[in-house]
Visitor: 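Take this structure, written in structure tokens, and hold onto it; I'll ask about it next.
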Amino acid sequence: MKFELNQIYHVYNQGNNRRQIFFERENYIYFLWKIRKFILPYADILCYCLMPNHFHLLIIPNTQGLTSSNSIEPNHDPKKLSGDEMIVYQKKLNQSIGILLSSYSKAINKRYEWSGSLFRGKTKAKYEENEGIEIRNGKYKHLSILHEKNYALNCFHYIHQNPVKANLVSHVEEWEFSSAMDYAGLRKGTLCNIKLAREL
């Protein structure tokens with residue numbers, strides 16, 4: 001996966017052969033803890049949804065935790081990053097996603113006395129080339145040349161609609177393992193950057 005600063009990504013993966021990846025409530029909670037540990041230092045999370053056999057994240061990579069030879073300030077113009085700095089950043093976020101999935105898989109295999117891969121081989125990260133964000137006067141602004149398409153907004157709603165479309169719940173805010181509850185004000189979750197999402 002190739003990540004860039006100031007770009008919104010839909011990151012997702014599913015169980016190998018579409019098999020289940022979450023089997024009980026504790027599995028979902030543990031995976032959310034892993035997201036907090038391995039993804040949150042490197043990206044702002046706009047929304048998420050964990051489904052029985054797959055997961056979705058909508059993220060914006062940031063420069064927190066970036067280690068390179070040159071100091072990079074948060075909100076630094078990505079066009080001024082050297083190739084080496086960008087590679088280091090991409091490796092950090094890619095490695096963290098890999099660690100998240102492999103460590104979760106190991107825990108599940110140990111818990112249920114299984115072996116083999118739990119997830120599909122490649123996690124996907126989609127984005128819209130004509131979209132991104134910029135910062136003006138300390139405020140984030142969503143950029144979309146094709147406003148009627150607005151991939152990020154459509155993705156945000158698509159992610160939250162997953163449990164309804166799968167007939168797991170009747171309303172998006174009823175699914176416990178989604179950020180929809182936080183946006184509905186039913187829970188004070190801290191995984192998502194709700195302020196940033198609302199600005200965008």
Side-chain angles (χ1 to χ4, degrees), residues 1-4 7-62 93-105 108 117-129 131-133 142 144 149-184 186-187 189-194 196-198 200:
M1 292 175 286
K2 181 180 179 182
F3 292 105
E4 295 179 13
Q7 186 65 57
I8 303 169
Y9 292 90
H10 176 203
V11 177
Y12 57 97
N13 201 339
Q14 65 180 193
N16 198 15
N17 295 317
R18 298 184 179 175
R19 289 191 301 242
Q20 204 167 335
I21 56 175
F22 303 110
F23 304 92
E24 50 190 288
R25 185 175 185 272
E26 289 73 22
N27 301 156
Y28 289 97
I29 302 301
Y30 184 63
F31 194 80
L32 288 170
W33 178 79
K34 292 273 187 187
I35 290 173
R36 183 177 300 278
K37 181 177 180 181
F38 293 110
I39 305 302
L40 205 52
Y42 304 108
D44 284 300
I45 299 169
L46 301 180
C47 72
Y48 68 88
C49 185
L50 309 184
M51 296 288 287
N53 73 341
H54 66 281
F55 71 88
H56 298 273
L57 299 169
L58 192 63
I59 66 170
I60 301 175
N62 60 43
L93 188 50
N94 278 328
Q95 286 172 351
S96 290
I97 292 169
I99 292 168
L100 160 67
L101 300 184
S102 66
S103 62
Y104 177 76
S105 295
I108 290 295
S117 59
L118 185 64
F119 292 95
R120 282 191 168 189
K122 288 189 177 180
T123 301
K124 300 199 176 177
K126 288 188 177 179
Y127 72 101
E128 176 58 49
E129 284 186 36
E131 292 187 28
I133 62 170
H142 178 242
S144 178
K149 291 192 177 178
N150 200 332
Y151 178 76
L153 181 61
N154 290 331
C155 200
F156 181 89
H157 291 301
Y158 166 79
I159 288 170
H160 284 153
Q161 286 290 329
N162 260 242
V164 175
K165 289 182 178 177
N167 294 316
L168 296 171
V169 292
S170 299
H171 302 87
V172 294
E173 65 273 11
E174 294 172 350
W175 186 245
E176 181 182 5
F177 312 110
S178 157
S179 53
M181 289 184 79
D182 304 323
Y183 283 96
L186 300 174
R187 180 178 63 198
T190 58
L191 190 59
C192 292
N193 188 336
I194 293 175
L196 173 58
R198 287 187 171 144
L200 295 173

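The analysis underlying the following values was restricted to heavy atoms, covering all of them including side chains, and did not include hydrogens, waters or symmetry mates.
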Visitor: Can you see which heavy atom on F22 is nearest to which on L50, and at what distance?
Guide: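 Result for this residue pair: CE1-CB, 3.9 Å.
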Visitor: Where does the angle between the aromatic ring planes of F55 and F119 fall among parallel (under 30°), tilted (30 to 60°) and perpendicular (over 60°)?
Guide: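 Geometry flag for F119 against F55: perpendicular rings.
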Visitor: Could you state the interatomic distance from NZ (K37) to OG (S103), rounded to the nearest 0.5 Å?
Guide: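 Reported value, rounded in 0.5 Å steps: 7.5 Å.
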Visitor: Hey, does P41 have a side-chain heavy atom less than 4.5 Å from the side chain of S96?
Guide: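 No, their side chains stay 4.5 Å or more apart.
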Visitor: Once you round to the nearest 0.5 Å, how far does CD of E176 lie from CG of L168?
Guide: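 Here the interatomic distance stands at 12.5 Å.
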Visitor: Can you confirm if the aromatic rings of Y12 and Y158 lie within a centre distance of less than 6.0 Å?
Guide: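 Ring centres of Y12 and Y158 not closer than 6.0 Å.
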Visitor: So which atom in N62 and which in D44 form the shortest heavy-atom distance, rounded to 0.1 Å?
Guide: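 Reported closest heavy-atom pair: ND2-N, 3.6 Å.
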Visitor: Looking at side-chain heavy atoms only, is the closest gap between F31 and L101 below 4.5 Å?
Guide: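 Yes - at least one pair of side-chain heavy atoms lies under 4.5 Å apart.
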Visitor: With under 30° as parallel and over 60° as perpendicular, where do the rings of F177 and Y28 fit, or are they tilted in between?
Guide: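 Judged by the thresholds at 30° and 60°, the geometry between F177 and Y28 is parallel.
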Visitor: Rounded to the nearest 0.5 Å, what's the gap from NE2 on H171 to CE on M181? Could you check?
Guide: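 Between atom NE2 of H171 and atom CE of M181 there are 13.5 Å.
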Visitor: Looking at every heavy atom in both H160 and A180, which two are closest together, and how far apart are they?
Guide: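 So the two residues come closest at NE2-N, 3.3 Å.
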Visitor: Has N13 got a side-chain atom pairing as donor or acceptor with R120's backbone, closer than 3.5 angstrom?
Guide: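 Between the backbone of R120 and the side chain of N13 there is a qualifying donor-acceptor contact (under 3.5 Å).
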Visitor: F156 and Y183: aromatic ring centres closer than 6.0 Å?
Guide: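 Ring centres of Y183 and F156 closer than 6.0 Å.
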Visitor: Taking all atoms of both residues into account, what is the closest heavy-atom pair of C155 and L58, and its distance?
Guide: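 For C155 versus L58, the nearest heavy atoms are SG-CD1, 4.0 Å.
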Visitor: Side chain to side chain contact (heavy atoms under 4.5 Å, CB included) for Y9 and L57? Distances and angles first, verdict last.
Guide: CA-CA 8 Å; Y9 292 90; L57 299 169; over 6 Å; no
Visitor: Taking C-beta and beyond as the side chain, do R19 and Q14 meet within less than 4.5 Å on heavy atoms?
Guide: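 A side-chain contact is absent here, since even the closest heavy-atom pair is not under 4.5 Å.
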Visitor: What are the two closest heavy atoms between S179 and R187, and how far apart are they?
Guide: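 Taking S179 first and R187 second, the nearest heavy atoms are CA-NH2, 4.2 Å.
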Visitor: Distance check, rounded to the nearest 0.5 Å: I59 atom CD1 versus I45 atom CD1?
Guide: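 Between I59 CD1 and I45 CD1, I get 7.5 Å after rounding to 0.5 Å.
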Visitor: Let me see the working for I35 and L40 under side chain to side chain contact (heavy atoms under 4.5 Å, CB included), right down to the final yes or no.
Guide: CA-CA 7 Å; I35 290 173; L40 205 52; 5.9 Å; no
Visitor: Applying the side chain to side chain contact (heavy atoms under 4.5 Å, CB included) criterion to Y48, which one of V11, I39, L32 satisfies it?
Guide: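 Looking at V11, I39, L32, the match for Y48 under the side chain to side chain contact (heavy atoms under 4.5 Å, CB included) is L32.
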Visitor: Looking at OG of S102 and NZ of K34, how far apart are the two atoms once the value is rounded to the nearest 0.5 Å?
Guide: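 Reported value, rounded in 0.5 Å steps: 8.0 Å.
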Visitor: Of the non-hydrogen atoms in H54 and N162, which two are nearest, and what is the gap between them?
Guide: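 Residues H54 and N162, closest heavy atoms: NE2-OD1, 2.9 Å.
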Visitor: Does some side-chain heavy atom of R36 sit less than 4.5 Å from a side-chain heavy atom of T190?
Guide: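 T190 reaches R36 side chain to side chain.
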Visitor: Could you tell me the separation between the CG atom of L118 and the CD atom of Q20, rounded to the nearest 0.5 Å?
Guide: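 CD of Q20 is found 10.0 Å from CG of L118.
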Visitor: For residues F23 and I108, determine if any side-chain heavy atom of one lies less than 4.5 Å from a side-chain heavy atom of the other.
Guide: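 Touching, per the 4.5 Å side-chain cut-off.
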